[in-house]
Q: 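Okay, here's the structure, questions in a sec.
Bear in mind that the values here come from a model prediction, so they are computed numbers and not experimental data.
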Amino acid sequence: MDASPPLIGVTLDREPPCPPEQGGYSGFPWYAMRCNYMDAVTMAGGLPVGLAHDAAQAAAVMARLDGLIVTGGAFDISPDLYDGGAPHPTVTTKATRTDAELALVRAALELGRPILGICGGEQLLAVALGGTLIQHIPDAIASPLPHEQPNPRDEAGHEITIVPGTRLAHITRASRMAVNSAHHQAVATPGRAIVSAVAADGVIEAVELPGHPFCIGVQWHPEFGISTGDRLLFRALTDASRHRE
C-alpha cells in the first residue's frame, strides 16, 4: 500500500477587494478559508491543497487529486440550478465559485474520486445529483430548530439522528450526534443520493450516494472536530482517497 498522504483538494471562498486600511486583506480580489478545514485534513492523514475557481480546469485538477472537499460559505446556490423558482429575498450567490465547484464535483463523480460536501457543499452536492433545496428554512419548516445557532460554531447547536445502515452510520459508529449549525437553506430532495441523517424538525442533515467509493454531504461543520464522529468522517475520507484507483 502506498504510504504517501493522499492529496485532498479543498475549495476556497472568494472575497471582493477590501484594502487593509478598511479592515480587509487586499485591495484586489482574494481567496479565503478557515484554517481548521486544512488542519482537519492534515490531522486525518491527508495532504490538503486549496483549489482556485476555474471551471474550465476542473477535470484536469481532479485527475491530479485523490479526493475533494467542497466547503461551506456565507452564500447560497442559485435556484436556477435546481428549478427552484424566484430567489428568496435572503438568497445571495457567488456564481463563479458555484460554477467551479459544480465542475469539480461532476469531474469527481465521473472519476470515482471521494467527495465530502460540508454545509453549502452538501447542498451543492445534492443539486449536482439532481436534488433540490429549501431556499429559507423558516419559510418551509414549522417550528424549526435554530439552524443558524446563536452560540459559537465550535460548540454543538442541536442533535441529529443518523439513518441505520448508511455509510455515515458505519463511519461515525453512532445513531445520534451533537452537531454545530450555520445555515438558512437545506436539502429538500436528495436526487440520486439518499438521506443519511435528519434533525428533529425534519431538516435533512446528511446525504450520501450509494455505489460511489465515498460521496457524503453533511449540513454541519465537522472541520471543527467537536465530536468523535466528526474526526472519524475526515479519517474515512482520507482512507478512501488513499485507496482510490
Q: Just how far is it from atom CZ of R106 to atom CG of L111, taken to the nearest 0.5 Å?
A: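 Separation between the atoms: 14.5 Å.
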Q: Write down the atom of V179, the atom of I160, and the distance for their closest heavy-atom approach.
A: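 The pair with the smallest heavy-atom distance is CG2-CG2, 3.7 Å.
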Q: I would like to know whether T132 and D83 meet side-chain contact (heavy atoms from CB on, under 4.5 Å); could you show each step before the answer?
A: CA-CA 8 Å; T132 60; D83 295 328; over 6 Å; no
Q: Shared ILVMFWY cluster between L232 and L116, side chains joined below 4.5 angstrom?
A: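 Yes: a chain of side-chain contacts under 4.5 Å links L232 to L116.
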Q: Checking salt bridge (charged side-chain N to carboxylate O under 4.0 Å, His left out) for the pair E208/R167: CA distance, chi angles, key distance, verdict?
A: CA-CA 8 Å; E208 59 187 65; R167 185 158 193 176; over 6 Å; no
Q: Which atoms form the tightest heavy-atom contact between E101 and T11, and what is the distance?
A: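 Distance-wise, the nearest heavy atoms are OE2-OG1, 2.8 Å.
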Q: Are there more than 12 heavy atoms of other residues, nucleotides or ligands under 6.0 Å from atom CD of E110?
A: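 Open: at most 12 neighbouring heavy atoms sit under 6.0 Å from CD of E110.
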Q: Could you check whether any side-chain heavy atom of L125 comes within less than 4.5 Å of a side-chain heavy atom of V105, counting everything from C-beta outward?
A: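 Yes, at least one pair of side-chain atoms sits under 4.5 Å.
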Q: How long is the gap from OG1 on T238 to CG on L233, to the nearest 0.5 Å?
A: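 Reported to 0.5 Å precision, the distance equals 9.5 Å.
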Q: I'd like to know if the side chain of S26 reaches the main chain of F28, judged simply by a donor and an acceptor atom lying under 3.5 Å from each other, with no hydrogens or angles considered.
A: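 Indeed, once roles are kept as given, a pair shorter than 3.5 Å links the two residues.
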Q: Could you tell me whether a side-chain N or O of D66 sits under 3.5 Å from a main-chain N or O of L7, the two making a donor and an acceptor?
A: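 Such a contact is found between D66 side chain and L7 backbone.
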Q: After noting the C-alpha distance and the side-chain angles of W220 and D230, does the key distance pass the side-chain contact (heavy atoms from CB on, under 4.5 Å) rule?
A: CA-CA 10 Å; W220 67 96; D230 287 342; 2.9 Å; yes
Q: Do side-chain atoms of R113 reach the backbone of G67 as a donor and acceptor pair under 3.5 angstrom?
A: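 Not a single qualifying donor-acceptor pair exists.
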Q: So do the side chains of S181 and H158 get within less than 4.5 Å of each other, counting heavy atoms only?
A: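 Yes. Closest side-chain heavy atoms under 4.5 Å.
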Q: Measure from the side-chain N and O atoms of Y37 to the backbone N and O of P48, and report whether any donor-acceptor pair falls under 3.5 Å.
A: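 It does not hold such a pair.
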Q: Mind checking whether I118 and V70 have side chains closer than 4.5 Å, heavy atoms only?
A: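 Not touching, per the 4.5 Å side-chain cut-off.
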Q: State the CG-CG distance between L65 and L47, to the nearest 0.5 angstrom.
A: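 Rounded to the nearest 0.5 Å, the CG-CG separation comes out at 10.0 Å.
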Q: For Q149, look at atom CD and say whether over 12 heavy atoms of other residues, nucleotides or ligands are found less than 6.0 Å away.
A: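 It does: Q149 CD has more than 12 such atoms within range.
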Q: Distance check, rounded to the nearest 0.5 Å: H183 atom NE2 versus E122 atom CD?
A: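 Taking NE2 in H183 and CD in E122, the distance rounds to 8.0 Å.
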Q: Does a side-chain N-to-carboxylate-O contact under 4.0 Å join D13 and K94?
A: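 Yes.
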Q: Between the side chains of H147 and D201, is a donor N or O closer than 3.5 angstrom to an acceptor N or O?
A: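 Yes, a side-chain donor-acceptor pair sits under 3.5 Å.
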Q: Measuring only between side-chain heavy atoms, which start at C-beta, is I216 closer than 4.5 Å to V207?
A: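 They are not in side-chain contact.
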Q: Please find the pair of heavy atoms, one from Y25 and one from P20, that lie closest to each other, and give the distance.
A: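 Between these two residues, the closest heavy atoms are O-CG, 3.8 Å.
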Q: Got a donor-acceptor contact below 3.5 angstrom from the R231 side chain to the G225 backbone?
A: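 Here the side-chain-to-backbone pair exists.
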Q: Should V163 and L168 count as side-chain neighbours, where that means a heavy-atom distance under 4.5 Å?
A: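 Not touching, per the 4.5 Å side-chain cut-off.
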Q: Are V187 and I137 linked, directly or through intermediate hydrophobic residues, by side-chain heavy-atom contacts shorter than 4.5 Å (ILVMFWY only)?
A: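 I137 and V187: separate clusters.
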Q: Is any side-chain heavy atom of Q135 closer than 4.5 Å to one of Y82?
A: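 Yes - at least one pair of side-chain heavy atoms lies under 4.5 Å apart.
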Q: Any heavy-atom pair between the side chains of V91 and Q185 that's under 4.5 Å?
A: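 The answer is yes; the side chains approach within 4.5 Å.
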Q: Considering non-hydrogen atoms only, spot the tightest contact between P5 and G45 and give its length.
A: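 What the structure gives for the nearest pair is CB-O, 3.4 Å.
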Q: Flag yes if more than 12 heavy atoms outside M33 fall under 6.0 Å of its CE atom; otherwise flag no.
A: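 Result for CE/M33: enclosed.
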Q: Looking at H170 and T166, would you say the former's side chain and the latter's main chain have a donor-acceptor pair under 3.5 Å?
A: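 Absent.
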Q: Within the 4.5 Å heavy-atom criterion, are L124 and L102 side-chain neighbours or not?
A: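 Yes, side chains in contact.
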Q: Hydrogens and angles aside, do T71 and R97 bring a side-chain donor and acceptor to less than 3.5 Å of each other?
A: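 There is such a pair (donor and acceptor under 3.5 Å, judged by atom type) between the side chains of T71 and R97.
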Q: Return the CD1 to CG distance between I194 and L129, rounded to the nearest 0.5 Å.
A: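 If I round to the nearest 0.5 Å, the distance is 11.5 Å.
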Q: With no hydrogens and no angle check, just 3.5 Å: does a side-chain donor-acceptor pair link E223 and H221?
A: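 Looking only at side-chain atoms, H221 and E223 do form a donor-acceptor pair, the distance falling under 3.5 Å.
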Q: Is there a donor-acceptor pair under 3.5 Å between the side chain of Q123 and the backbone N or O of L133?
A: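 Such a contact is absent between Q123 side chain and L133 backbone.
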Q: Examine distances only and state if a side-chain atom of S78 and a backbone atom of D80 form a donor-acceptor pair shorter than 3.5 Å.
A: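 Answer holds: yes.
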Q: Rounded to the nearest 0.5 Å, how far does OG1 of T93 lie from CD1 of I77?
A: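 Here the rounded value is 9.0 Å.
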Q: For side-chain contact (heavy atoms from CB on, under 4.5 Å), just list the numbers for I115 and L109, CA-CA rounded to whole Å, side-chain angles, deciding distance to a tenth of an Å, and then say yes or no.
A: CA-CA 8 Å; I115 308 167; L109 289 169; 3.8 Å; yes
Q: So, for I8 and S241, which heavy atoms are closest and what is the spacing to 0.1 Å?
A: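 That closest heavy-atom pairing would be CD1-OG, 3.3 Å.
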Q: Determine whether the side chains of H136 and H184 contain a donor N or O and an acceptor N or O closer than 3.5 Å.
A: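 Checked: H136/H184 side chains pair up, N/O donor to acceptor below 3.5 Å.
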Q: With clusters defined by side-chain heavy atoms of hydrophobic residues (ILVMFWY) lying less than 4.5 Å apart, directly or transitively, does F214 cluster with V49?
A: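 Different clusters: V49 never reaches F214 through Ile, Leu, Val, Met, Phe, Trp or Tyr contacts under 4.5 Å.
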Q: Locate the shortest heavy-atom distance separating A156 from A178; write the atom from each residue and the value.
A: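 Closest pair (atom of A156, atom of A178, distance): CB-CB, 3.7 Å.
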Q: I'd like to know if the side chain of T98 reaches the main chain of A95, judged simply by a donor and an acceptor atom lying under 3.5 Å from each other, with no hydrogens or angles considered.
A: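 No; zero donor-acceptor contacts below 3.5 Å.
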Q: Under the criterion side-chain contact (heavy atoms from CB on, under 4.5 Å), I'd like the reasoning laid out for F224 against E155: C-alpha separation, chi angles, the key distance, then a yes or no.
A: CA-CA 9 Å; F224 281 93; E155 300 174 0; over 6 Å; no
